Amino acid sequence: MRSIAIFGAVGALVAAVALPAYAASSTPVDAAATLQQVAAGDAQSLVVASEATASPLNRSTYSATTQDEIDKKKAEEAAAAAAAAAATAASASAASSSGGGIDIGSYALVSPGSGEVRYPLPAGSYTQGRTTVGADSGGHDGADMLAPAGTPIYAAAAGVVRISTESYYGYGVGITIDHVIGGQSVSTTYGHMTYGSRQVQAGQTVAAGQLIGAVGSTGSSTANHLHFEVHVNGSILEPYAWLAANAG
């Protein structure tokens, strides 16, 4: 009995010493964990196939990848729409500016859109200014096409250059081209061009749409624009209506 009592006392002493050490070395189940520890345990990875490629975002009827490209596309579409609207409104503008109705059909010499007659300025590059013809024109027999300096000017039709000079009276830098369109004698005049921009000389043959100069403000002019005139068989015609009837 004495031996049993001794062994029991020794066992109790060993248990008393071991239990605190075990408790100190164990982590409580509900101990707080850091966000980094949780993330490391739940980390995920994404594997992309080697053949995957970047693709531009398709927006409506055009593709663009940046806001600048989107804005540029919208501006181009707006310019094209404005050019189409300008052609449609040409006859109405001519009538209000010249003080009377104009039968645009009587201006037609060739099929509109055939390419035989072209607009002298690029579509969307100009706005319609003053256009007057006849007795009430005050000497301003033509149309002012308002555009920035340096805007390219093209021959409205194929023909032969009759005048090309740096000083053409009130026209300033001016060019006149003689044409035969639809069997009719036609001449077109281009005034107020930039000094030194003329690309053709008198006697030279030009094609429809050929570059002949650049918009300026020379001669009797107060702002950059092209003064454009059209004469058919010696009679002055309203230019916007004539372009709409023949260039489309």
Side-chain angles (χ1 to χ4, degrees), residues 72 75-87 89-90 93-94 97 113 115-133 137 139-179 181 186-231 236-244 246-248:
K72 182 178 179 181
E76 291 173 351
E77 292 175 352
S93 174
S97 300
E116 189 170 347
V117 174
R118 313 280 184 88
Y119 281 84
L121 296 181
S125 69
Y126 66 93
T127 57
Q128 294 185 7
R130 182 173 58 149
T131 174
T132 50
V133 296
S137 68
H140 184 270
D141 288 328
D144 289 341
M145 305 176 78
L146 312 179
T151 300
I153 300 172
Y154 304 104
V160 177
V161 178
R162 172 157 48 94
I163 298 170
S164 179
T165 176
E166 294 287 285
S167 181
Y168 186 24
Y169 302 107
Y171 297 106
V173 180
I175 291 174
T176 295
I177 304 175
D178 293 328
H179 323 267
I181 303 174
V186 180
S187 69
T188 54
T189 296
Y190 313 77
H192 308 311
M193 297 193 300
T194 298
Y195 287 119
S197 67
R198 289 178 300 119
Q199 302 296 304
V200 296
Q201 300 298 325
Q204 182 177 339
T205 299
V206 297
Q210 180 175 329
L211 178 67
I212 61 172
V215 170
S217 184
T218 57
S220 300
S221 171
T222 58
N224 292 310
H225 70 284
L226 168 66
H227 176 86
F228 181 62
E229 291 184 13
V230 178
H231 299 255
I236 184 78
L237 299 186
E238 198 290 307
Y240 289 131
W242 184 80
L243 286 169
N246 294 277

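Every value quoted in this text rests on a predicted model; they were computed, and no experiment measured them. Residues: numbered from 1 along the sequence shown.
- With values rounded to the nearest 0.5 angstrom, S125 atom OG is found 10.5 Å from L146 atom CG.
- In this structure, I163 CD1 and S187 OG are separated by 9.0 Å, a value rounded to the nearest 0.5 Å.
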Start with the C-alpha distance between T151 and Y126, add both sets of side-chain angles, then the distance that settles side-chain contact (heavy atoms from CB on, under 4.5 Å), and finish with yes or no. CA-CA 9 Å; T151 300; Y126 66 93; over 6 Å; no

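- Minimum interatomic distance between I177 and A155 (heavy atoms only, all atoms of both residues): CD1-CB, 3.9 Å.
- When side chains are defined from C-beta on, I153 counts as touching L121, because their heavy atoms get closer than 4.5 Å.
- Proximity of S220 to Y169: side-chain heavy atoms (C-beta onward) are nowhere separated by under 4.5 Å.
- Atom OG1 of T205 and atom CG of D178 lie 11.0 Å apart (nearest 0.5 Å).
- Heavy atoms only, all atoms of each residue included: R118 and A208 are closest at NH1-O, 3.6 Å.
- For T194, there are no side-chain hydrogen bond (donor to acceptor under 3.5 Å, both in side chains) partners, not counting sequence neighbours.
- Remark: the backbone N or O of G248 is paired with a side-chain donor or acceptor of Y119 at under 3.5 angstrom.
- Classified by interplanar angle (parallel below 30°, tilted 30° to 60°, perpendicular above 60°), the ring pair H192/H227 is perpendicular.
- The two residues A214 and S197 come nearest to each other via the heavy atoms N-OG, 3.2 Å.
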Intermediate values then yes/no, side-chain contact (heavy atoms from CB on, under 4.5 Å), L243 and F228: CA-CA 11 Å; L243 286 169; F228 181 62; 3.9 Å; yes

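- Under the rule for a side-chain contact (heavy atoms from CB on, under 4.5 Å), the partners of I181 that lie at least two apart in sequence or sit in another chain are L109, V110, E116, V117, A157, H179, V186, W242.
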Walk me through it: do T189 and Y168 pass the test side-chain contact (heavy atoms from CB on, under 4.5 Å)? CA-CA 11 Å; T189 296; Y168 186 24; 4.3 Å; yes

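- Minimum interatomic distance between P120 and M145 (heavy atoms only, all atoms of both residues): CG-SD, 3.8 Å.
- In this structure, T218 OG1 and M193 CE are separated by 7.5 Å, a value rounded to the nearest 0.5 Å.
- With E229 contributing its side chain and P239 its backbone, the two residues share no donor-acceptor pair below 3.5 Å.
- In this structure, A147 and V215 approach most closely via the heavy-atom pair O-CG1, 3.6 Å.
- Residues P122 and Y154 come closest through the heavy atom pair CG-CE1, 3.8 Å.
- Checking side-chain atoms of R198 against main-chain N and O of S164 turns up a donor-acceptor pair under 3.5 Å.
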